[in-house]
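Just so we're clear, the structure is a prediction, and the values are computed from it rather than from any experiment.
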Amino acid sequence: MIDPLSVFLLLLAAATPILFAALGELIVERAGVLNLGVEGMMITGALAGFAAAHATGSPIIGFVAAAIAGAATAMIFAALTQFLLANQVASGLALTLFGLGLAALFGKPLEGIKAPPMTPGPFRVNWIVWLGLLMVPVVWWFLNRTRPGLILRGVGENHDAAHALGYSVRGVRIAAIGFGGAMAGIGGAFISIATVLQWTEGMTAGAGWIALAIVVFSNWSAPGVLAGAWLFGGVTVLQLRLQAAGVDVPVQLLSMAPYLATIFVLVLISARQKYSRRAGGTAPGSLGQNFHALR
Amino acid sequence: MIRLVPRAEASAAWQFATPLLAVLATMLTGGLLFAVMGYDPVAAIRTIFWDPLFGMASSYSRPQLLVKAAPLILIASGLAIGFRAGIWNIGAEGQYIIGGITGAAVALAAYPSEGMWIFPAMVIAGAMGGWAWGMIPALLRNWFGASEILVSLMLVYVAERVAAWMAFGPMKNPEGFGFPGSRNLQQYPAAANPELIAGTGAHWGVVAAAAAVLVTWFLMSRHIRGFHIRAAGLAPRAARFAGVRPGTLVAFCLGLSGAFAGMAGLFEVAGPAGQITDSFGSGYGFTAIIVAFLGRLNPVGILLAGLLLALTYIGGELAQLTLQLPAATVQVFQGMLLFFLLGFDLLTRFRIARRITA
């Protein structure tokens, strides 16, 4: 029968790509930047990671390459929004469209190849899963207990004040965007290297967008991101279990579950933020606004 | 050193120049990309941008221009109105798919009866389907404050699965020998959306796209609702004081762009696509976002931008045949185009000046 531990371990693995991407985006948004390009950075990481792992035979090098590729694509977004002051929503969308196209273009020769095997960690679970879990307290500690974390939150809360205090709004934001890209890249590579074990076009299938929704769900906190990612992982595992059990519901309808669940939690949490006494919820004050210093 | 000085008003000259600059920069960077990939850059660019119009196969590809441009222009016209107001419907792809399904549903229910009413009823059903799918994010935003960006995007994935379910289940062709996919509407005269004038590629979707350009132009420049939309986009607080209700605007913009996208889906399923399959969504809804921006959210601009992006689709297919260029090249091109456009846009809002050192 169903062993709760093995189900939980499946849930952990299903939640990992979203967890990485959402933790990265959490830092980006706490710095006051809304990067809608998560999906594009994830797919780029999925491809670059898979290609590097295949070329070297080492999944670890694959994940490093994925982080670099994710950060590199994020820099396009950083250049557009931080130097050329372009609209963040449009720039993020452009990054997603561009990343999906670029990965499809360069991924063609890699189709049908199997990923190199990984040595599993404790409980026969991938090391990257444990790394993801470790990143939750690390991100929390960075944001709430360190000085750079305080500065980052300050930049996100009120960029004019941070600038007046002498902090480099642009510098902090570029660093945050780069970190977000690296995390999204690792999350994407987890799908190609550790879950699906091969490269297919469009394989991230909206995971980046779900990660964005989970940041809202988390109320912009690291533990909240973990809860959101697990909720998503749980729905995914449940959905796959129901498919395997041969429930009398079409497969296509079951596979809607993660997206519908995302909408559902987004609505729940938005309603709470909307009707709570604290107006505006806990979204960073300068979220999505560009900063241009006149002096 | 240089510094950026904000302009009091967006520069009209640069508003015209930036899309052209962006296209030029995309061609140059694209050529560079082709050279890196080992293709002849000049031949590749010529195949994509010139040959479909004036090359050897132009008699085949020229009509395709209108076929591809119509859904892009129709969808982008609707999206641009929302974008002007700061309402981000990025789920047009989902509204397109659902519009195709609801429109096809009318045809499949009426099959095999004949009647003048069938096609108009399909158009209405397609528009209503897209409208309803667009109203989901609108209502969730108005009632609960949920981000319309994320909800509309999530609904694209849901719509794709609805299409797959329809193709394998309720809408499967009973005479299709077990293959997935609905009946082909091109072979059902009362429901088909054929070429109206032979050799032009113009079907009813082209007529609707032209009408959409006119309607949105009238709405944005002559109607009070258009004024409200522009006001809400430029100064939301001021617009509220002037009596603009944000909730109404959200419902209007998402509903209208949904209806337009739904109609585009219907014209596609009854015409070029012919049937509902699990891969009915073809990316028009996402490309239309680029069309809307490239056209500067202006109806006439969108008309031109839609034709240009349609050209990249056809040219991309041609380059696939003649130069074995991968299909995804076009997607990369379209992404780059949007990057360059957003980047160059700096020049419309800022003036570059030399920094005065004290």
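- Trp209(A) and Ile90(B) get closest at one heavy-atom pair: CH2-CD1, 3.8 Å.
- Around CZ of Arg7(B), the count of heavy atoms belonging to other residues, nucleotides or ligands within 6.0 Å exceeds 12.
- Heavy-atom distances place the side chain of Phe293(B), and not its backbone, under 4.5 Å from chain A.
- Of the atoms belonging to Leu33(B), it is side-chain heavy atoms, and not backbone ones, that fall under 4.5 Å from chain A.
- Residue Phe333(B): no heavy atom, backbone or side chain, is found under 4.5 Å from chain A.
- Interface remark: Phe83(B) contributes no atoms to any contact with chain A (heavy atom separation under 4.5 Å).
- Rounding to the nearest 0.5 Å gives a distance of 14.0 Å between CE of Met154(B) and CE of Met256(A).
- The part of Thr262(A) that comes within reach of chain B is its side chain, from C-beta onward, which places non-hydrogen atoms under 4.5 angstrom from that chain.
- Looking only at heavy-atom pairs under 4.5 Å with chain A, the residue among Leu140(B), Leu153(B), Val162(B) that has the most is Leu153(B).
- Scanning all heavy atoms of the two residues, the minimum distance from Leu80(A) to Phe339(B) falls at CD1-CD2, 3.2 Å.
- The parts of Trp165(B) that come within reach of chain A are both its backbone and its side chain, each placing non-hydrogen atoms under 4.5 angstrom from that chain.
- Heavy atoms of other residues, nucleotides or ligands lying less than 6.0 angstrom from CZ of Phe291(A) number more than 12.
- Of the residues considered (Ala86(A), Ala94(A), Ala79(A)), Ala94(A) shows the highest number of contacts with chain B, using heavy-atom pairs under 4.5 Å.
- Neither the backbone nor the side chain of Leu337(B) comes within contact range of chain A, judged by heavy atoms closer than 4.5 Å.
- Most heavy-atom pairs under 4.5 Å with chain B, from the set Ala103(A), Gly107(A), Gly99(A), Pro250(A): that is Pro250(A).
- The candidate with the highest count of non-hydrogen atom pairs below 4.5 Å against chain B, out of Leu95(A), Val216(A), Ile269(A), Leu36(A), is Leu95(A).
- Using cut-offs of 30° and 60° on the angle between ring planes, the pair Tyr259(A) and Tyr157(B) is parallel.
- To the nearest 0.5 Å, atom CZ of residue Arg349(B) and atom CG of residue Asn290(A) are 7.5 Å apart.
- When each of Ile76(A), Thr81(A), Thr96(A) is scored by its heavy-atom pairs under 4.5 Å with chain B, the top score falls to Ile76(A).
- Between chain A and the residues Asp345(B), Ile149(B), Ile136(B), the most heavy-atom pairs under 4.5 angstrom are made by Ile149(B).
- In this structure, chain B has no heavy atom under 4.5 Å from any part of Phe77(A).
- Contact annotation for Val267(A): both backbone and side-chain heavy atoms come within less than 4.5 Å of a heavy atom of chain B.
- Contact count against chain A (heavy-atom pairs under 4.5 Å) is highest for Leu342(B) among Leu341(B), Leu338(B), Leu342(B).
- Here Gly206(A) is the residue among Ala257(A), Gly206(A), Ala104(A), Ala213(A) with the most heavy-atom pairs under 4.5 Å with chain B.
- Of all non-hydrogen atoms in Ser270(A) and Ala146(B), the two that sit nearest each other are OG-CA, 3.4 Å.
- Interface residue Ile289(B): only side-chain heavy atoms are found under 4.5 Å from chain A.
- Here the straight-line distance linking atom CZ of Arg141(B) with atom CG of Leu266(A) works out to 12.5 Å at 0.5 Å rounding.
- Of the options Leu100(A), Leu97(A), Leu105(A), a side-chain contact (heavy atoms from CB on, under 4.5 Å) to Gln331(B) is made by Leu100(A) and by none of the others.
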